[in-house]
Amino acid sequence: MTPPNHDELVLHEIGSLAKPEWSVKPKRDDPLTEEDIQHAKTWSQRLGIEHEAKPLLSLLNTKRDGFTAQEIDQLTSYASLFAIRLQEHAGLDWVYDGEQHRSEMYRYPVTHSEGFQFRGYCRSFDNKYWNKAAVTNEPSLTQPYHTQEQDTIQTHANKPIKTPITGAYTIVDWSFDEHYLRKHLHEADIHPGTPQAKQAQANARHEFTIDVARNLIRPNIQALIDNGATWIQIDEPAVTTHPDEVPLFVEAFNESIQGLTHQCRFSTHICFSDYNNLFPHILELDGCSEFALELANRDSWKQGTDRDTRNGYHMLDAFKEHDTNAAIGLGVVDIHTNDIEPPNLVADRIRYALNLFDDDPTKIWPCTDCGLRTRTWDISHKKMQSLVQGANQVKQDLGL
Amino acid sequence: MTTIQPLLPGTYPRSQTLVQTTRDYDRNRTTKETLHEHQTRDTEALIGTQTLHHYPTPATGHITWQDPFRPLTPLLNNIQPDTLTRFLDTNTFYRQPTIQDEPTLKADALPTFLTRHAPRIPTQNGLTTLPSPTAWITANKTEHDTYPNTEHAHTLARTLYPTLLERLHERGTRTIALTDPWLSTHPNPTPLLETLTPLHNHHDTPHTLLLHLPFQNATPHLEHIHQQPLHGTLIDLHQTPHDALENHPTDRALGIGIIDARASLLEREDLLIATIDETLETTQPHTLYITPTGPLEHLPEPIARKKLRLLGQTAHTAQRKLQGDHA
């Protein structure tokens, strides 16, 4: 799919969308319910894809459980189709399939890489847990893990595709280290709690991160480009968790895309943290076209384009102050609430940011705050429609 | 001669079975009785492992606690669990205990708290970790870098803690670790530390009171901490330099966090022993507690169990070595 020839107010979603039960349950060997079947029927009608979805509906009409591996793959492919049409129908410029092929952004890449072993559940919050892996050997790749997904998406998409991938720093930060620490601490006979131990830990972390960037991320990116990718978003939600490690993120990002910057558009997504910690280090990023930022979550819902009203967007000051030579992926839709942002509010948020960046629409690319996977398709669709309608108001202002 | 003991302050991780059972319970797939049965099993297994590995002061591990504050907020008027907040620089989140007004005790909620969240300790010589009164303030940093009024910590120290400590004593707790992982992130923690004074003065039960400062460099605060009416301090030796221990008062217990509570790699015992030796060359407290650098809940339980055992073994070996050296 040829990318649009404009870079003004580029509209996109960040990554994940909810997975339909009719795709998830068969993987768990849970039987489908009438409600699950109805979901597929309703959405095929809402999105105007009854004809495309006909084989899916036929399959779901014939069986509720006992799906074969081939049928499960078909269901995933249809989930991918629906998620893409959801975004296209809403009017976004660039689309993706909302991670319909992936378990989630950590487990999927780690499961498909060599050198990691899952160690068990760690608490995320309340009674929610996640399965955390440890690196036990130098990470490597048996084969690129996103190209099959890309093949399916390319088959379905009518709009250009932006592919999100989990970045090296986040994979490292969310994993235990039993390989590099052993080498730098134990094999060097370093006592815990000494200054030498701190330095050894830093060296281990650096080596681990660069190995992931070089051995896992770059080959995946190369494969995606060879397969036709034109925009790859490197997701790094963990990057500002350790402000002192932002330089390590920068080094890993550059290592991940080394030699590839002229073959594809690269961007990064960072969320739910203090973006001031990124500076000045991110000025050293090589070939990053966009910083996609969560911002709406911090903002008021009042109408207005003045600074006091748009209190969630003050974090943009640092991006204005430094010339990052990249667009802002402007989060204008909160992913944590079912309330739908009115288009006028979305428009005001975009107008505020535009005003800050000299009314240059190539600097502001409106998007959702983060992936919408915790919202229903109905809420996600309405939020994306509101995003588009709000952006269209601004486009009209600017005569675009 | 210094007595060397292993100690497990803070929350211990749930077993993989209990994680699954809790998930099933939350999704109405299992009963409350099954959940309670598995919670009890986890607690008993934890105490059993500590007993087996020579922990003189075993902890129940707060298996049912969702974060350091949640079980306690129902005991208080004017404090509510609120915004999900990142716990330091980890990938675990807690709910900030938002203080709306002067907190007061809901005494009638105590029995439920004790039944659900404070199991009896069979040895009658147990350890319970509670958030330090200071933590109710330091854990509550807002987006605009402000904190609640320090006076609320004084109020909590006068109202909640004396009653709580008394009831915990009845259930076998003899040592209390007052934990504050955020103390060093507060811009001016010195006045906050004064809130510990009424805790010591007002309770009649003979608890050993320890201030627990996990995951932080305690150096800037140690001098002032030593002036507080406490029986000892537990510090993270990965973050706090050795030379900060030089002025540790010998009449107070010292705890050194030497097992990394956030790394799955199991430590080498010989290197741990060497670190203990270095500590004892710097200071000779009457009791030296060997601890993890913070609560082990940041590890999957099978790994936490290995570290728990290693901690016990290491303290045992170090004590024997010290006795041998002494002889």
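Note that this is a predicted model, so its numbers are computed, not measured.
Closest approach of A:F176 and B:H298 over heavy atoms only: CZ-O, 3.7 Å. Nearest heavy-atom pair, A:Y121 versus B:Q16, reported as atom, atom and distance to 0.1 Å: N-OE1, 2.9 Å. Shown here for A:E178 and B:S264, the closest heavy-atom pair between the two residues is OE2-OG, 2.5 Å. Taking each heavy atom of B:P300 and A:R119 in turn, the nearest pair found is CB-O, 3.4 Å.
There is no contact between A:K128 and chain B, counting heavy-atom distances below 4.5 Å. For A:D177, the part lying under 4.5 angstrom from a heavy atom of chain B is the backbone only. At a 4.5 Å heavy-atom cutoff, the contact between B:L266 and chain A is made by backbone atoms alone.
Looking only at side-chain heavy atoms (C-beta outward), A:P192 and B:L271 come within less than 4.5 Å of each other. At least one side-chain heavy atom of A:Q201 sits under 4.5 Å from a side-chain heavy atom of B:H238.
Between the side chain of B:T92 and the backbone N or O of A:R123 there is at least one donor-acceptor pair closer than 3.5 Å.
Between chain A and the options B:T275, B:T90, B:D67, B:I303, the largest number of non-hydrogen pairs under 4.5 Å is found for B:T275.
A salt bridge links A:D189 with B:R268: at least one charged nitrogen is closer than 4.0 Å to a carboxylate oxygen.
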